[in-house]
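Reading through the structure tokens given below for one structure.
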Number of protein chains: 2
Amino acid sequence: MKPEVIQDIVLASVKVACSDCNLRELCMPVGFNLEDMQKLDEVVATRRRIAQGEMLFRSGEAFTSIYAVRTGFFKTCVSSEDGREQVTGFQMAGEIIGLDGIVSDHHNCNAIALEDAEVCVMPFSNVEELSREFPVLQRHVHKVMSREIVRENSVMMLLGNMRAEERLAAFLLNLVQRLHARGLSQSELVLRMSREEIGSYLGLKLETVSRAFSKFGEEGIIEVKQRYVRIIEPEALKKIFKAQLDY
Amino acid sequence: MKPEVIQDIVLASVKVACSDCNLRELCMPVGFNLEDMQKLDEVVATRRRIAQGEMLFRSGEAFTSIYAVRTGFFKTCVSSEDGREQVTGFQMAGEIIGLDGIVSDHHNCNAIALEDAEVCVMPFSNVEELSREFPVLQRHVHKVMSREIVRENSVMMLLGNMRAEERLAAFLLNLVQRLHARGLSQSELVLRMSREEIGSYLGLKLETVSRAFSKFGEEGIIEVKQRYVRIIEPEALKKIFKAQLDY
DNA sequence: AACTATCTTTGACAAATATCAAACGCATGC
DNA sequence: GCATGCGTTTGATATTTGTCAAAGATAGTT
């Protein structure tokens, strides 16, 4: 715990202000006047850096805060008694991690950085307190949680009804869409996760994921070179993923 | 719309008070004094009856309220463009339906009564307003949403990592556990849903579900007669479902 | 540059589940 | 009582994905 405290002090000395953050529109409510925004800066207590491969929190740990990803890329996963692991999500800049911990006051999954990352630490008591004061923040928090519920509904559709190639097409389209919303290319990406992690998320073995990638490559729909992917024919991907839901 | 309005009037004339409801401990926060509780009665605007097979709400419909099941049994499901359907959950007395609608102000799934049912209609603006006034209600709402996120994480584990018999064992154990919490038997139940609906929830075809039921029956773990199920060896079910998560 | 560890790709084969088809059971209405 | 319809069970077969194994690619290290 000691090293974290020291690190927090270092980071807190850097200006920590939502009102001044370029990710504001991704993780804060819109339609906010400047005064409100400045009061809202109080939700974020500190920032925290997480090295690649390190855990932001682990299952069973006491829940105190939710986290907004500032930079880097995370995965969340649950594991069963007998050691099987299920990746439940991948999170990028502007997305919120840790909502699973509210119900039992303990985290219910592991959050692991897939590359060096920085998060804004938002003690949940701050969030609740300010939510009572600012209806627009309250509504925003509810929307964030509801969005997560809807996303998981879509994943259930994917896992329950789609075959391997449909799952991968859906996955790729979702990823580039989110990257594009962050100002990155809508046709090129570098995957931050392994075939095995993709497979875990999609309910497939890594070999099946690899084969689907190769098939798309052979068909000229995408260009794949290990973790680099270029989407050549987005329409073909969308056609494969007919079972498209809006998430 | 007319018939519903008339029905609402009829139902509202019956006493609608959370403070007086025998499901209170399931769907309202605990540790509430009586005065607070009486103010909280305002969250529920009306009650509404839904006949078997009817929809409480449908995907795309404007979101105004969340619903607490008072009696009866529901399923929620999403459907894809090409008509595939995925059951995302089954809800019984005391459980909350409709949280999916908050993010986009439109419902994102269909909620269908599997038997004649009655729900408490809680306009979400009431919920938010009273949440600002009562921190204990605010916390409760957050916990309900977080619980749904955690439940869906477990379903992802089930769909992504478990085979047919494990899925069915997990499903049966979860059902009886919830029924038992409502004062019903922990060994006997009558399924409210068809094999096809179970299959949709579990990512299996109805024939596979039926075969798994038969297998459990042959092994003496359960007794099955159509929709009647008696669990003879709960420990055997738990052993099959090693990948047990606490949901 | 060579070595190592890790991730990825590909092939051959096995296992699980889906599909198709038919029979069965139970409730409903005539 | 019998016919009808819907849901369930069971069997035979097809398809998809998983498993096991080996080779290829990449990045980091010495």
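Quick caveat, the model's predicted, so the values are computed rather than measured.
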Side-chain donor-acceptor pairs under 3.5 Å in residues 155-165 of chain B, sequence neighbours left out?
| residue | atom | partner | partner atom | Å |
| --- | --- | --- | --- | --- |
| B:N161 | ND2 | A:E85 | O | 3.0 |
| B:N161 | ND2 | A:Q86 | OE1 | 3.0 |
| B:E165 | OE1 | B:K215 | NZ | 3.1 |
| B:E165 | OE2 | B:K215 | NZ | 3.1 |

Let me have the donor-acceptor pairs involving side chains of residues 179-189 of chain B, under 3.5 Å, with sequence neighbours excluded, atom names and distances please.
| residue | atom | partner | partner atom | Å |
| --- | --- | --- | --- | --- |
| B:H180 | ND1 | B:L184 | O | 3.1 |
| B:H180 | NE2 | B:Q186 | NE2 | 3.4 |
| B:R182 | NE | B:A93 | O | 2.5 |
| B:R182 | NH1 | B:R178 | O | 2.8 |
| B:R182 | NH2 | B:A93 | O | 3.0 |
| B:S185 | OG | B:S187 | N | 2.9 |
| B:S185 | OG | B:S187 | OG | 3.2 |
| B:S185 | OG | B:E188 | N | 2.9 |
| B:E188 | OE2 | B:Y228 | OH | 2.4 |

Could you pull out all donor-acceptor pairs under 3.5 Å where a side-chain atom in residues 55-73 of chain A meets a protein atom, sequence neighbours excluded?
| residue | atom | partner | partner atom | Å |
| --- | --- | --- | --- | --- |
| A:E61 | OE1 | A:R58 | N | 3.1 |
| A:T71 | OG1 | A:E118 | N | 3.3 |

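Taking the salt bridge (Lys or Arg N to Asp or Glu O under 4.0 Å) definition, one finds that A:E152 meets it with nothing, sequence neighbours left out. Every residue two or more places apart in sequence or in another chain that forms a side chain to side chain contact (heavy atoms under 4.5 Å, CB included) with A:V103 is listed here: B:S146, B:R147, B:V150. Residues passing the salt bridge (Lys or Arg N to Asp or Glu O under 4.0 Å) test with B:R227, sequence neighbours excluded: none. Residues forming a salt bridge (Lys or Arg N to Asp or Glu O under 4.0 Å) with B:E54 (at least two apart in sequence, or on another chain): none. Take A:K205 and apply the salt bridge (Lys or Arg N to Asp or Glu O under 4.0 Å) test, not counting sequence neighbours, and it matches no residue. Under the side chain to side chain contact (heavy atoms under 4.5 Å, CB included) criterion, B:T76 pairs with B:T88, B:Q91, B:I97, B:C109, B:A111, not counting sequence neighbours.
Using a 4.0 Å heavy-atom criterion, one finds that B:S194 contacts the sugar-phosphate atoms exclusively. Across all strands, B:R211 comes closer than 4.0 Å to base atoms (heavy-atom distances). In this structure, A:R163 reaches the sugar-phosphate backbone alone: every heavy-atom distance under 4.0 Å involves primed, P, OP1 or OP2 atoms, never a base. Residue B:G203 is in sugar-phosphate contact alone, with no base atom involved, counting any heavy-atom pair closer than 4.0 Å across all strands shown.
Nucleotide C:dA15 holds its P atom 16 Å from the NZ atom of A:K205, rounded to whole Å. One can place CG of B:L204 at 20 Å from P of C:dA15, the figure rounded to the nearest angstrom. As rounded to whole Å, 13 Å separates atom P of C:dT10 from atom CG of A:L206. If you take CG of A:L191 and C1' of C:dT8, they are 12 Å apart, rounded to a whole angstrom. The NZ atom of A:K215 sits 16 Å away from the P atom of C:dT9 (whole-angstrom rounding). Rounded to a whole Å, the CD1 atom of A:I198 is 14 Å from the C1' atom of C:dT9. Summarising the geometry, the separation between CZ on B:R167 and P on C:dA16 is reported as 13 Å, rounded to the nearest angstrom. To the nearest angstrom, C1' of C:dA16 lies 12 Å from CD of B:E166.
Rounded to 10 degrees, the angle separating the terminal axes of the helix from C:dA1-D:dT30 to C:dC30-D:dG1 is 30°, with each axis obtained from five end pairs.
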Item to complete: Give the B/S/- string for nucleotides 21-26 of chain C, one per nucleotide from 5' to 3', where a protein heavy atom under 4.0 Å of the base yields B, of only the sugar-phosphate yields S, and otherwise -.
Response: ------

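A:S79 places no side-chain N or O within donor-acceptor distance of the main-chain N or O of A:G83, the cut-off being under 3.5 Å. Here the side chain of A:R167 pairs no donor or acceptor atom with the backbone of A:F241 at under 3.5 angstrom. Under the 3.5 Å distance criterion, the side-chain polar atoms of A:T208 are left unmatched by any main-chain donor or acceptor of A:L204.
Nucleotides of DNA chain D with any atom under 4.0 Å from a heavy atom of chain A span, from 5' to 3', D:dT16 to D:dT26.
Using a 4.0 Å cut-off, no side-chain N or O of A:S210 falls inside it from OP1 or OP2 of C:dT10.
Among the nucleotides C:dT9, C:dT10, C:dC7, the one closest to the side chain of A:R227 is C:dC7.
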